[in-house]
Amino acid sequence: MLYVRFPLSLRNVEDLLHERGVDVSHETIRFWWHRFGPLFAAEIRKRRIEGMRSSRWRWHLDEMFVRINGERHYLWRAIDHEGEVLESFVTKTRDRKAALKLLKKAMRRHGRPEVIVTDRLRSYGAALKEIGASQRQETGRWLNNRAENSHLPFRRRERAMSRFRRMRSLQKFAAVHASVSNHFNHDRSLSSRPHFKANRAAALAEWRGLCAE
DNA sequence: TTCGTCCTTTGACAAAACCA
DNA sequence: TGGTTTTGTCAAAGGACGAA
């Protein structure tokens, strides 16, 4: 959890744990998050979906560049109007097929949204047409800030991580990171401090519950 | 005992980040 | 620009532990 949630390297986490009396190697940390990260992420996602009100009527779709060994890849994400990450995955191309995959994945899990906000990339139009929802699309230079903003934590992490070495782990990390940051990031600025504290305590307690199982 | 399985450690590596 | 440090990753070996 330390590794995924904070911009720490594997060796940073090793040292942190050492301070707390846990003696493990950096390789073990890596092993742990590969092994258990996806499990936790899936569990968090499942619980969130169960407890979700049907208020996610507007989606924001977005893609971003990620460089792996000098090769260009694209990280696709679907975000709801509250800034919560619904879906994310990695492809090598930026075309209709990738956009379509994103849409289908998200819709299978969350149902159809009323409005879909995208940037001006034509692939979205083509993909939406294919599933017969083109009238629900809204594009705009500024409309999609919601999605762009949610890249920030990810970018910060990417820098500390000295870029991703393999597509496989980027995919995994994107999924786990989305779930974990959804779980812990309640809006600090909008809610009062005691309210935020209560939320954070609840999130932590729930996390401990997940670990104990 | 001897396997087999599942984790952990170790040491090395190349790529990226950093710094002057 | 070029050298140094830091990064995630890998292969190989080690170790704990239960089953046969």
Side-chain angles (χ1 to χ4, degrees), chain A residues 1-48 61-79 83-95 97-98 101-102 105-106 119 121 145 147-185 188 203-213:
Chain A
M1 188 272 262
L2 286 174
Y3 181 69
V4 175
R5 196 183 159 201
F6 303 107
L8 301 169
S9 74
L10 293 168
R11 287 161 177 85
N12 291 156
V13 176
E14 175 184 350
D15 290 347
L16 262 173
L17 288 181
H18 175 73
E19 261 180 49
R20 302 179 187 184
V22 182
D23 207 1
V24 289
S25 71
H26 61 100
E27 181 67 6
T28 304
I29 311 288
R30 191 172 77 100
F31 184 85
W32 282 352
W33 91 258
H34 271 258
R35 178 83 161 72
F36 302 112
L39 293 183
F40 288 144
E43 188 62 26
I44 290 172
R45 208 177 304 127
K46 212 178 85 196
R47 295 194 183 185
R48 291 188 78 82
L61 304 186
D62 188 53
E63 80 289 343
M64 69 195 262
F65 298 97
V66 185
R67 200 167 280 287
I68 306 174
N69 283 344
E71 268 189 71
R72 193 183 268 181
H73 291 77
Y74 302 90
L75 175 64
W76 299 78
R77 336 184 68 185
I79 288 132
E84 185 153 320
V85 180
L86 300 175
E87 206 63 60
S88 65
F89 70 99
V90 185
T91 64
K92 277 190 175 168
T93 58
R94 184 165 74 147
D95 55 10
K97 233 171 74 188
K101 191 170 156 200
L102 173 65
K105 257 185 100 169
D119 56 27
L121 184 67
N145 278 359
E148 309 283 347
N149 280 345
S150 89
H151 290 333
L152 289 178
F154 193 85
R155 282 290 184 204
R156 207 179 320 137
R157 188 60 168 82
E158 188 198 10
R159 193 175 339 123
M161 212 163 158
S162 107
R163 304 297 165 88
F164 299 94
R165 301 292 290 280
R166 306 196 61 91
M167 185 165 165
R168 210 175 56 229
S169 33
L170 167 59
Q171 172 69 73
K172 197 182 272 187
F173 185 84
V176 176
H177 181 266
S179 270
V180 170
S181 67
N182 279 345
H183 186 66
F184 282 102
N185 284 351
R188 270 171 207 251
L204 185 58
E206 202 175 330
W207 171 263
R208 295 233 163 100
L210 284 176
C211 292
E213 281 170 16

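For clarity, every value in this text was computed on a predicted model and none was experimentally measured. Residue numbering restarts at 1 for every chain, and letters A, B, ... go by the order of the sequence lines.
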Query raised in the report: side chain to side chain donor-acceptor pair (under 3.5 Å) with A/Asp15: which residues, sequence neighbours excluded?
Result: none

**Report entry** Spacing of A/Arg30 atom CZ relative to B/dA12 atom C1', expressed in whole Å
**Finding:** 14 Å

Query raised in the report: Excluding sequence neighbours, so at least two apart, what forms side-chain contact (heavy atoms from CB on, under 4.5 Å) with A/Arg35?
Result: A/Phe31, A/Leu39

Report summary line: So salt bridge (charged side-chain N to carboxylate O under 4.0 Å, His left out) across residues 16-26 of chain A, not counting sequence neighbours, yields none

Distances for protein N/O vs nucleotides 14-18 of chain C N/O pairs under 3.5 angstrom?
none

Query raised in the report: For every nucleotide of nucleotides 5-11 of chain B, 5' to 3': is a protein heavy atom under 4.0 Å from its base (B), only from its sugar-phosphate (S), or from neither (-)?
Result: --SBBB-

Query raised in the report: Under the side-chain contact (heavy atoms from CB on, under 4.5 Å) test, which residues partner A/His26, sequence neighbours left out?
Result: A/Leu10, A/Arg11, A/Glu14

Query raised in the report: To the nearest Å, how far apart are A/His34 NE2 and C/dG8 P?
Result: 10 Å

